[in-house]
Asker: 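Could you have a look at this structure, given as structure tokens, before my questions?
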Amino acid sequence: MGKYLNSIAPYEAYKDIAGTRFFADKTDLIREVISAATTDGQRYLCITRPRRFGKTVMANMLGAFFGKAADAESLFGCLKIAGCACYRAYLNQWDVISIDFSRLPRDCKSYESYIERIQNGINQDLAEAYPQYMLSIEGAVWDNLQLIFEKTRTRFIFIIDEWDAIFHKDFIDEENKKSYLEFLRDMLKGQAYVQLAYMTGILPIAKYSSGSEINMFQEYDMAAKEKYSLYFGFTDLEVDRLFSVYQKTVKNAKVTRKDLAEWYDGYHTAAGARLYNPRSVICALTDNQISSYWTNSGPYDEIFYYIHNNIQEVRDDLVLMVAGERIEIKLQGYAATSAELNTKNQIYSAMVVYGLLTYENGAVFIPNRELMEQFQELLLSKDSLGYVHSLAKESEKMLKATLAGNTDLMADILKYAHNTESPIFSYNSEIELSAVVNLVYLSARDKYRVEREDKAGKGYVDFIFYPEQKTEDAFILELKTDSTPKEAVRQIKEKNYALRFQGKLGEKAKYTGRILAVGISYDRKTKEHSCMVEVL
């Protein structure tokens, strides 16, 4: 056993995961990988997913299953893969070379030291495993592997994690990137000693130079390829099972099943399946607390990183997406490899690759509340967003004015919003009006759960603001164009929208604060807004 060849690390890492309460058995991936390599002749697989979607867990699973480092019968014998006809023939039968390209040597400042550590490490492991062949530590990895194959007919399985990590390092230039791709080509492409090369990362394979360096890989991303979709991220059924475990094992359980769906669901596969962010689900169940676990989990958390080259063109889209709308784009998977992101298609495509947006039926949108909070923070914190940022800041005043019944100030803020240069404030459609209202109440989301067009009473209401603290005031907001706020409030009362805030018969009321009916109207002739607030 060595650092790369038949390392014990994948086995130990996967054993730790498999022993936890909130473990999801996805070992059917092993069967599919074996089938792809043997039946279909696909020995080179590259699966790309956003951060925290289980790529490393799956890589460790494959390494633990195939590799000779440890007897994994006790680990896999009770999992789904044990029922596969190929189980015995493949369990711990292979020499596995595991490489995590995100790991750097100490004080690494150059590509040479980065790649030399990997080459020398693999060569050292091979020399120790095959001392009879006098392998060269300073020689090329592929030469040593070829020599071993010629002498013993030994084939190797390569498990490569974070293949694209090098592209995020400050010390890597374009020439280094080309050299790196050539290294992967020389080690893997067309080599008889390769039984399987399984590679994961965030970025699709970059098409540098001639584009032929590592084109032997069959690529599978989440937005465009259906195969392997359900092995990365949690399905509804898997979350149901994990939530059942949570309810049985956690005293004073505070997380609801609805919370998990609202906060962490919403990613879409090419096959149309919905997926949850697995890391966030597990963190929420483990901590017994719903929260945003996205923050500070990687180098690309700042949404601003993607949009700063084209703020003028994307900021209206941000307002619409924060309001829950979808933006049509032409998905460009390889845009994420670009040094600069300038067009909307490039920007949104990259954000899909990194998991900041999700893609379905030709449009991108914010998948869930966890990501929504990141976008809201962007609107509130970046003054370079211009009028969007200014209006988001005004939202603090708008909430206070609403709760105080200060309808004059509410109308002034809406007028201020309408007088900006943005076309979405022209109110050409109900979507645009809703987007503006959503923006001027943005800061309310810190204290309220805001739902649009919620089924309430006898009909559908435009917005309901549910206070996080049950003792605080709740309010129902209805929008009208070319009408009056009094008509909006009348509709709220006639259709009994306030029933949403009542508990079941015999139960204590869900909310003990006031319930406010808020009517907002816009007259397209006079260009005036009118507001009304009434206690129900």
Asker: So, do Tyr87 and Glu73 sit near enough that their side-chain heavy atoms are less than 4.5 Å apart?
Answerer: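 Tyr87 vs Glu73: side chains touch.
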Asker: Do Glu238 side-chain atoms and Thr235 backbone N/O form a donor-acceptor pair below 3.5 Å?
Answerer: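 Flag set: sc Glu238 to bb Thr235 pair under 3.5 Å.
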Asker: Heavy atoms, side chains only, cut-off 4.5 Å: are Leu320 and Ile327 in contact?
Answerer: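 Leu320 reaches Ile327 side chain to side chain.
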Asker: When you measure from the side chain of Glu32 to the backbone N and O of Ile30, does any donor-acceptor pair fall under 3.5 Å?
Answerer: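 Not at all, since once roles are kept as given, no pair shorter than 3.5 Å links the two residues.
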Asker: For Lys15, which residues count as a salt bridge (Lys or Arg N to Asp or Glu O under 4.0 Å) partner, sequence neighbours excluded?
Answerer: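 Residues passing salt bridge (Lys or Arg N to Asp or Glu O under 4.0 Å) with Lys15: Glu12.
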Asker: With the threshold set at 4.0 Å, does a side-chain nitrogen-carboxylate oxygen contact exist between Arg51 and Glu162?
Answerer: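 Looking at Glu162 together with Arg51, the answer is no, because their closest N to O distance does not fall below 4.0 Å.
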Asker: Taking C-beta and beyond as the side chain, do Tyr466 and Glu451 meet within less than 4.5 Å on heavy atoms?
Answerer: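 In short, these two side chains touch, coming nearer than 4.5 Å.
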Asker: Tell me whether Lys344 is salt-bridged to Asp317, with the criterion being a basic N under 4.0 Å from an acidic carboxylate O.
Answerer: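 Salt bridge: yes.
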Asker: Look at the aromatic rings of Trp94 and Tyr90 and report parallel, tilted or perpendicular, splitting at 30° and 60°.
Answerer: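 If you compare the ring of Trp94 with that of Tyr90, the planes turn out parallel.
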Asker: Salt-bridged, Glu262 to Arg369, with N to O below 4.0 Å?
Answerer: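 The answer is yes: the pair qualifies as a salt bridge.
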Asker: Would you say the side chain of Phe465 lies within less than 4.5 Å of the side chain of Arg445, judging by non-hydrogen atoms?
Answerer: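 No, side chains not in contact.
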Asker: Are the side chains of Ile17 and Met61 in contact, using a 4.5 Å heavy-atom criterion?
Answerer: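 They are not in contact (no side-chain heavy atoms under 4.5 Å apart), so the answer is no.
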Asker: If you round to the nearest 0.5 Å, how far is OG1 of Thr200 from CD1 of Ile159?
Answerer: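 Going from the CD1 atom of Ile159 to the OG1 atom of Thr200 covers 9.5 Å.
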Asker: Judged by atom type as modelled, is there a donor-acceptor pair below 3.5 Å linking the side chain of Thr269 to the main-chain atoms of Ala271?
Answerer: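 Here the side-chain-to-backbone pair exists.
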Asker: Which class fits the ring pair Tyr267 and Phe53: parallel under 30°, tilted 30 to 60°, perpendicular over 60°?
Answerer: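 Answer is perpendicular, since the angle exceeds 60°.
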Asker: Answer whether the closest heavy-atom distance between the side chains of Leu285 and Leu260 falls below 4.5 Å.
Answerer: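 The answer is yes; the side chains approach within 4.5 Å.
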Asker: Counting distance only, does the side-chain N/O of Thr286 pair as donor-acceptor with the main-chain N or O of Cys283 below 3.5 Å?
Answerer: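 Checking the backbone N and O of Cys283 against the side chain of Thr286, no donor-acceptor pair under 3.5 Å is found.
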Asker: For Tyr264 and Phe234, I'd like to know if the aromatic rings sit close, meaning centre-to-centre distance below 6.0 Å.
Answerer: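 No - the distance between ring centres of Tyr264 and Phe234 does not fall below the 6.0 Å cut-off.
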Asker: For residues 36-49, which residue pairs qualify under side-chain hydrogen bond (donor to acceptor under 3.5 Å, both in side chains), counting only residues two or more places apart or in two chains?
Answerer: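 Matches after skipping sequence neighbours: Gln42-Tyr220.
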Asker: For Phe22, give me all partners under ring-ring contact (aromatic ring centres under 6.0 Å, His included), at least two apart in sequence or on another chain.
Answerer: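 Applying ring-ring contact (aromatic ring centres under 6.0 Å, His included) to Phe22 gives none.
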Asker: If you draw a 6.0 Å radius around CZ in Arg257, do more than 12 non-hydrogen atoms from other residues or ligands fall strictly inside?
Answerer: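 Result for CZ/Arg257: enclosed.
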Asker: For Asp462 and Leu479, indicate whether the former's side chain and the latter's backbone hold a donor-acceptor pair under 3.5 Å.
Answerer: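 Flag set: sc Asp462 to bb Leu479 pair under 3.5 Å.
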Asker: Please name all residues satisfying ring-ring contact (aromatic ring centres under 6.0 Å, His included) with Tyr111, sequence neighbours left out, ordered by chain then number.
Answerer: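 If we apply the ring-ring contact (aromatic ring centres under 6.0 Å, His included) test to Tyr111, skipping adjacent residues, there are no hits.
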Asker: Not counting sequence neighbours, which residues clear side-chain hydrogen bond (donor to acceptor under 3.5 Å, both in side chains) with Glu328? List them please.
Answerer: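 Not a single residue meets the side-chain hydrogen bond (donor to acceptor under 3.5 Å, both in side chains) criterion with Glu328.
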Asker: Verify, without hydrogens or angle tests, whether Asn288 (side chain) and Lys254 (backbone) share a donor-acceptor contact under 3.5 angstrom.
Answerer: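 Answer holds: yes.
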Asker: Stepwise, does the ring-ring contact (aromatic ring centres under 6.0 Å, His included) test hold for Phe158 with Tyr198?
Answerer: CA-CA 6 Å; Phe158 291 79; Tyr198 174 92; over 10 Å; no
Asker: Report the residues that fulfil ring-ring contact (aromatic ring centres under 6.0 Å, His included) with His389, sequence neighbours left out, ordered by chain and then residue number.
Answerer: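 Not a single residue meets the ring-ring contact (aromatic ring centres under 6.0 Å, His included) criterion with His389.
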Asker: Going by heavy atoms in the side chains, are Phe65 and Leu75 under 4.5 Å from each other?
Answerer: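 No, too far: nothing below the 4.5 Å cut-off.
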Asker: What verdict does the ring-ring contact (aromatic ring centres under 6.0 Å, His included) test give for Phe463 and Tyr441, after you've listed the backbone C-alpha separation in whole Å, the side-chain angles of each residue and the deciding distance to 0.1 Å?
Answerer: CA-CA 11 Å; Phe463 291 90; Tyr441 280 102; 7.8 Å; no
Asker: Please state whether the rings of Phe167 and Tyr180 are parallel, tilted or perpendicular, taking 30° and 60° as the class boundaries.
Answerer: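 It falls in the perpendicular class, over 60°.
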Asker: Determine whether Asp265 and Asn368 make a side-chain contact, defined as any pair of heavy atoms from C-beta on separated by less than 4.5 Å.
Answerer: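 No. Closest side-chain heavy atoms not under 4.5 Å.
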